[in-house]
Amino acid sequence: MSTSLTSRRAFLGGSLLFVGGVALTACGKDDAVKAGAKVTLEQWYHAYGEAGTQQAVIRYAKEYTKANPDVAIKVNWIAGDYSAKLHSTLLTPKAPDLFEIGDFQYVDVKNGLLAPLDDIIKGQEAEYSKASLDSATADGKLYGLKMMDDAMVLYYRKSVLEKAGIAVPQTFAELAAAAKKLTSREQKGLFVGSDGIGNAAYLLLWSNGADLLDPEGKKVVFNSPEAIAALAGLKQLHDDKSLLLDFTTDWYDPGAFVQGAAAMQWCGLWAMPAIKKALGDDFGVVAWPKFGDTGQAVSRIGGWFAAVNAKGKHVEEAKKYIEWLWIKQTDLQKDWCVSYGFHVPARKSVAAQTTEFGSGPAKDAAAILAETGRAYPNLWNTTMDSAFAQAVLKIAKSGGDAKSLLDEAAGKAQSELDKQLA
């Protein structure tokens, strides 16, 4: 995987463990005829690497057809670059009726590719995190229904911090001091990614009250005084030499943490089962600490959205299936989130009923996600991200002037934003 912020952004849009797969059909033409179906919906999923997920979505589709004999679901399991394949196909008559989106983009709405879903979520809005709703909302309408949430949190070794007499960091200053004190010849204090950047740039911005775009989504603001101050923190971590660099796995894999190469690591909830298996109860989780006294603790929220092809022949039928599966079927939502991998059900009431999140670090992670989760704005595209990434790398590793670098990057990003809004 590339070390660019852009590639990490695409990765973070969805769930972990992407591996190669094959296109797979759940209900073919003959099955639809036998079932007496009048409509066959084509549904796309990316090739999840978690064992059992293929079989699960096929089962969900068959259960729906059993309850609704007039509608059959043809499930296609898409290997490779799912996003590229989806967006190229959406521009053709072969586009699927419904599909999942990991990295929500405003351009899809602008191009008329997505059908609004406000009618099926009406009255259920409070069930979803604000970050997820905001991410999938454009021009006042909702275009994606969250299927599950992926939480990203800061893991720490309880015994290592206790032995060093260090309390769990509540501010960035405490985090930086802890990382420095915990660094030795055998172990580094903190791992945020093999390149020493990872999610840290975004987290630092958000934790100091800064952001990528203004609340109206019309102006790039990652060059604000708060952003400049926060990103200086990333350079501090590099100057202190407390970051684990060039490890064999990246931030989204728990290898560095469970092997003792780092005392603290930014990673995802998906890694918790492996961490618990390796370390037992010798770990805890916390949000990324607030940058200063006026800042706030933050975490990253990822996951996938269910969406409908606005130009499809069966828009209403596709919306009804999404409503049935991702709003009404509580048991299936639990099954999808915890029977194969480890994700938080997107609906708050379902998450509260999921016993796997009833205690310990898992409960803490779910609470952190609900209280502090942040997502990228859907107007934030790869071109804008690339401009930001280049500035961040120079600030952190080359000691470039943060203000001039971010001002220049913001100018480039603003031009791209203006194009989208035109």
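Numbers here are sequence positions counted from 1. Just so it is clear, the model here is predicted, and its values are computed rather than measured.
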Tell me, please, which residues at least two apart from F99 pass ring-ring contact (aromatic ring centres under 6.0 Å, His included).
-> none
Give a yes or no on whether the backbone of F104 and the side-chain of Y143 come within a donor-acceptor separation of less than 3.5 Å.
-> no
Minimal non-hydrogen separation, A391 against L405, with atom names = CB-O, 3.8 Å
Backbone N/O of L91 and side chain of K311: donor-acceptor pair under 3.5 Å | no
Could you tell me whether K320 and E317 have a side-chain N and a carboxylate O separated by less than 4.0 Å?
-> no
With side chains defined as the heavy atoms from C-beta onward, is the minimum distance between K348 and Y128 less than 4.5 Å?
-> no
Considering only heavy atoms from C-beta outward, does the side chain of K141 approach that of V109 to under 4.5 Å?
-> no
Kindly indicate whether the side chain of R300, heavy atoms from C-beta on, has any atom under 4.5 Å from the side chain of D150.
-> no
Nearest atoms (heavy-atom pairs only) where A115 meets V315 | CB-CG1, 4.0 Å
How about Y48 and W336: are their ring centres within less than 6.0 Å of each other?
-> yes
Name the orientation class of the two ring planes belonging to Y45 and W77 (parallel below 30°, tilted from 30 to 60°, perpendicular beyond 60°).
-> tilted
Does the side chain of I78 reach to within under 4.5 Å of the side chain of L86, using non-hydrogen atoms?
-> no
When rounded to the nearest 0.5 Å, the distance separating CD1 of I166 from CG of L182 is 3.5 Å
Determine the sole option in R157, K163, K277 for which the salt bridge (Lys or Arg N to Asp or Glu O under 4.0 Å) test with D282 is passed.
-> R157
Please round to the nearest 0.5 Å and tell me the distance separating atom CG of L243 and atom CE of M264.
-> 9.5 Å
Taking all atoms of both residues into account, what is the closest heavy-atom pair of E42 and K94, and its distance?
-> OE1-O, 4.4 Å
Short side-chain to backbone donor-acceptor contact, D240 and S242, under 3.5 Å | no
Kindly assign one of parallel, tilted or perpendicular to the pair F388 and W380, based on the angle between their ring planes and the thresholds 30° and 60°.
-> perpendicular
Heavy-atom check, side chain of F291 versus side chain of L205, under 4.5 Å | no
In terms of heavy-atom contacts, P345 and C337 come closest through CA-SG, 3.5 Å
For atom NZ of K110, decide whether the heavy atoms of other residues, nucleotides or ligands shown that lie under 6.0 angstrom number more than 12.
-> yes
Would a 4.5 Å heavy-atom cut-off, applied to side chains only, mark L90 and W44 as touching?
-> no
About how many Å separate CZ of F305 and CD of E100, when rounded to the nearest 0.5 Å?
-> 11.5 Å
Does the pair L213 and D211 meet the rule for a side chain to side chain contact (heavy atoms under 4.5 Å, CB included), with working shown?
-> CA-CA 6 Å; L213 305 180; D211 213 333; 5.9 Å; no
Minimum heavy-atom distance A200-L234, with the two atoms named = CB-CD1, 3.8 Å
What heavy-atom pair brings T183 and G189 nearest, and what distance separates the two atoms?
-> OG1-N, 3.0 Å
Aromatic ring pairing Y60/W326, orientation class (parallel under 30°, perpendicular over 60°, tilted between) | perpendicular
Looking at side-chain heavy atoms only, is the closest gap between P289 and E174 below 4.5 Å?
-> no
Near-ring test F342/F357, centroid separation under 6.0 angstrom = yes
Going through the distances and angles, do E50 and W270 end up as a side chain to side chain contact (heavy atoms under 4.5 Å, CB included)?
-> CA-CA 11 Å; E50 296 152 320; W270 54 77; 5.5 Å; no
Hey, is K122 close enough to D118 for a salt bridge, meaning N to O under 4.0 Å?
-> no
Under the side chain to side chain contact (heavy atoms under 4.5 Å, CB included) rule, what do L237 and L175 come out as? Steps first, then yes or no, please.
-> CA-CA 10 Å; L237 292 173; L175 175 64; 5.6 Å; no
Ignoring hydrogens and angles, tell me if any N or O in the side chain of D214 forms a donor-acceptor pair with the backbone of K218 under 3.5 Å.
-> yes
Say whether, by atom type as modelled, one donor and one acceptor occur between the side chain of Q259 and the main chain of P254 under 3.5 angstrom.
-> no
For S398 and L393, indicate whether the former's side chain and the latter's backbone hold a donor-acceptor pair under 3.5 Å.
-> no
Contacts of type side chain to side chain contact (heavy atoms under 4.5 Å, CB included), residue Q353, not counting sequence neighbours | T330, K334, S349
Paired with K146, the side chain to side chain donor-acceptor pair (under 3.5 Å) test is passed by just one of S132, S129, S135, namely S132
Checking N309 side chain against P96 main chain: does a donor-acceptor pair fall under 3.5 Å?
-> yes
Is any NZ, NE, NH1 or NH2 atom of the basic residue among K276 and D281 found under 4.0 Å from an Asp or Glu carboxylate oxygen of the other?
-> yes
Spacing of CD belonging to Q124 relative to NZ belonging to K328, to within rounding of 0.5 Å = 10.0 Å
Just wondering, are more than 12 heavy atoms of other shown residues or ligands nearer than 6.0 Å to NZ in K397?
-> yes
Find out whether Q414 and K219 are in side-chain contact, i.e. whether some heavy atom of one side chain is under 4.5 Å from a heavy atom of the other.
-> yes
Are Y376 and Y202 close enough that their ring centers fall under 6.0 Å?
-> yes
Is the backbone N or O of L325 less than 3.5 Å from a side-chain atom of Q333, with the two atoms forming a donor-acceptor pair by type?
-> yes
CH2 of W251 to SG of C267, rounded to nearest 0.5 Å, is 7.0 Å
For E63 and R59, run salt bridge (charged side-chain N to carboxylate O under 4.0 Å, His left out): C-alpha distance rounded to whole Å, both residues' side-chain angles, the deciding distance at 0.1 Å, then the answer.
-> CA-CA 6 Å; E63 286 188 26; R59 175 165 53 84; 3.5 Å; yes
Could you tell me how the ring of W304 sits relative to the ring of H46: parallel (under 30°), tilted (30 to 60°) or perpendicular (over 60°)?
-> parallel
Step through the shown structure and confirm whether more than 12 heavy atoms of other residues, nucleotides or ligands are within 6.0 Å of NZ on K180.
-> no
Looking at the rings of F257 and F247, which for Trp means the six-membered one, are their centres under 6.0 Å apart?
-> no
Check: T372 main-chain N/O paired with W206 side-chain donor or acceptor under 3.5 Å = no
One should read off an interatomic distance between I395 CD1 and I228 CD1, to the nearest 0.5 angstrom, of 8.0 Å
Hey, is the main chain of T137 close enough, under 3.5 Å, to the side chain of N378 for a donor-acceptor pair?
-> yes
Could you walk me through whether K419 and T383 pass the side chain to side chain contact (heavy atoms under 4.5 Å, CB included) test, one step at a time?
-> CA-CA 11 Å; K419 290 179 185 177; T383 300; over 6 Å; no
